[in-house]
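Sequence lines set the chain letters: A, B, ... in the order given, protein chains first and strands last, and positions in each chain run from 1.
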Number of protein chains: 2
Amino acid sequence: MATKTTTSVLCPQCELNDVCQQYGVVDTADSEVLGEVTPQQSVNKGDVVCRAGDRFDYLYAVHAGAFKSLVTLPGGEERVTGFYFAGEIIGSEGMSTGKYGRTVVALQDGQLCYLPEVSFSPEDASRKMIRQGLLVAMSHQVKNEQWTGLMAAHRAEQRVAIFLYMVSKRLEFHGFPSTEFRLPMSREDIAGYLGLAVETVSRSFQKLKGAGMIQVSGRNVVLENRDALQDFV
Amino acid sequence: MATKTTTSVLCPQCELNDVCQQYGVVDTADSEVLGEVTPQQSVNKGDVVCRAGDRFDYLYAVHAGAFKSLVTLPGGEERVTGFYFAGEIIGSEGMSTGKYGRTVVALQDGQLCYLPEVSFSPEDASRKMIRQGLLVAMSHQVKNEQWTGLMAAHRAEQRVAIFLYMVSKRLEFHGFPSTEFRLPMSREDIAGYLGLAVETVSRSFQKLKGAGMIQVSGRNVVLENRDALQDFV
DNA sequence: CGCCAGTTTGACTAGTATCAAGGTTAGTGG
DNA sequence: CCACTAACCTTGATACTAGTCAAACTGGCG
């Protein structure tokens, strides 16, 4: 069974590469004043990148690893709102309000690049290309999250199929194997994200397997026919 | 029973007001070259504002009326992805790709302001405040749509409660009565948006009514206790 | 090797879609 | 202004999907 693992992304594959090129990249964490990128800081599995409600001070680019975002509902329940893979952006929802809107947690050991908030302020005219790059990057994120709104109308099996298709497309977009990969998140995380019970997610995986659309063994997945997954939606 | 109707928004209440101020506002539709706002063009119920896949040429601000957005799924089925009320923006998802991502249809007679795409290009340094305003406006939209991703995990009654709360908050944000209003969309549109059957939406309205949380008669709604609706989520 | 978190499987129950029919509202033309 | 009509909304009965509770199994890690 496949166990290919998502490792680090190359900078040219990163959604923030255009933005990054506008900065001088420094090697220390003392970049807040200068407004420069701090590259590839290590994080450990379980580390909290930012918390919903905290002051927005950095935008993060995932250089390696995988992350999940959470919101806490009024009732106190935590819900998974999204996942971030290598090459993607964390924290963009904080730009407008000045506060992070979601708590982000590392699903595995990884590396993040830090882009200080000071760079996004409108006063500095020389940063116009940066803001333009951000508009495009944010649009990508909006597009990624467009799927989630459609989940509510689909059945369990379809939701899982959509989820796998989405993961595959995003891995592909950033240059990783897209038909054979290891999921970085638990069934519980997937269930939270899709709005299903853990048991239902498990059963849906088995049904897709039985239908010959995927191979699955724990977190290792092979998509036998990705287009069939999409058509299935 | 209440029948207060959403009418036109005042410019200061519009999310694009900051952007608008950066333009010269003209009275003719001949603004494409100048990159200026064409204000308050009338649209009729059922009119299509833009179609998914069409070239992105205008951003629209809703001056009056209400609109719904649709996507066509691979299978050909149409799904309602969102609603736009007076003071809100239509088409922002097209900025990154150059194409509209959703088809937008008028739910009632109304008026739109047109902002030509040429104004958003990065070449023109004098437009930097416009782009900054757009970032904030887009963030609002992302926030509005954050609800939808959470729908999947909620029951029918809760989804309807969330929906009513969301409508109420958005009406309030733009200066309209927020506890007593007339819904501009049909039960079918609501059902499509929430991923429920029409019958289930209808039953959910009746249950919320029975619980004393709302009054409802057709499209007219009174929220007896808006905070209770939120807590109910 | 054994433990523990995570995953799978089974039995049962609650909630929602579907099918069907009746009632209401809004818009049209006289 | 009223009558008519079509679209829209509500209500009821039934079938099926997914949640819940319970328990067995698996794999990674100390």
Could you check how far [atom1] of [X] sits from [atom2] of [N], rounded to whole Å?
{"X": "A/L208", "N": "C/dT7", "atom1": "CG", "atom2": "P", "value": "16 Å"}
{"X": "A/I190", "N": "C/dT7", "atom1": "CD1", "atom2": "P", "value": "8 Å"}
{"X": "B/K209", "N": "D/dC9", "atom1": "NZ", "atom2": "C1'", "value": "12 Å"}

Check: Can you tell me if the side-chain N/O atoms of B/R187 get under 4.0 Å from OP1 or OP2 in D/dA7?
Finding: no
Next item on the list: Can you check each nucleotide of nucleotides 14-30 of chain D against protein heavy atoms at under 4.0 Å and return B for base, S for sugar-phosphate only, - for none, in 5' to 3' order?
Entry: ----SSBBB--------
Next item on the list: Any chance you could lay out the side-chain contact (heavy atoms from CB on, under 4.5 Å) test for A/V198 and A/S202, step after step, and finish with the verdict?
Entry: CA-CA 6 Å; A/V198 182; A/S202 185; 5.6 Å; no
Next item on the list: Measure across A/L229 and A/L164 and return the closest heavy-atom pair with its distance rounded to 0.1 Å.
Entry: CD1-CB, 4.0 Å
Check: When you look at B/F176 and B/F181, which way does the side-chain contact (heavy atoms from CB on, under 4.5 Å) test go after all the steps?
Finding: CA-CA 9 Å; B/F176 296 105; B/F181 48 84; over 6 Å; no
Next item on the list: Check the angle between the aromatic planes of A/Y58 and A/Y60 and answer parallel, tilted or perpendicular using the 30° and 60° thresholds.
Entry: tilted
Next item on the list: Is it possible for you to check whether A/R187 lies under 6.0 Å from the centre of the six-membered ring of A/F205, through NZ or CZ, and within 45° of that ring's axis?
Entry: yes
Next item on the list: Have a look at A/S202 and say if it touches a base, only the backbone sugar-phosphate, or nothing, with a 4.0 Å heavy-atom cut-off.
Entry: base
Checklist line | Residue B/R219, side-chain atoms from C-beta onward, closest of D/dC8, D/dT11, C/dT8 | finding: D/dC8
Check: Can a donor-acceptor pair be found between the side chains of B/Y165 and B/D227 at a distance below 3.5 Å?
Finding: no
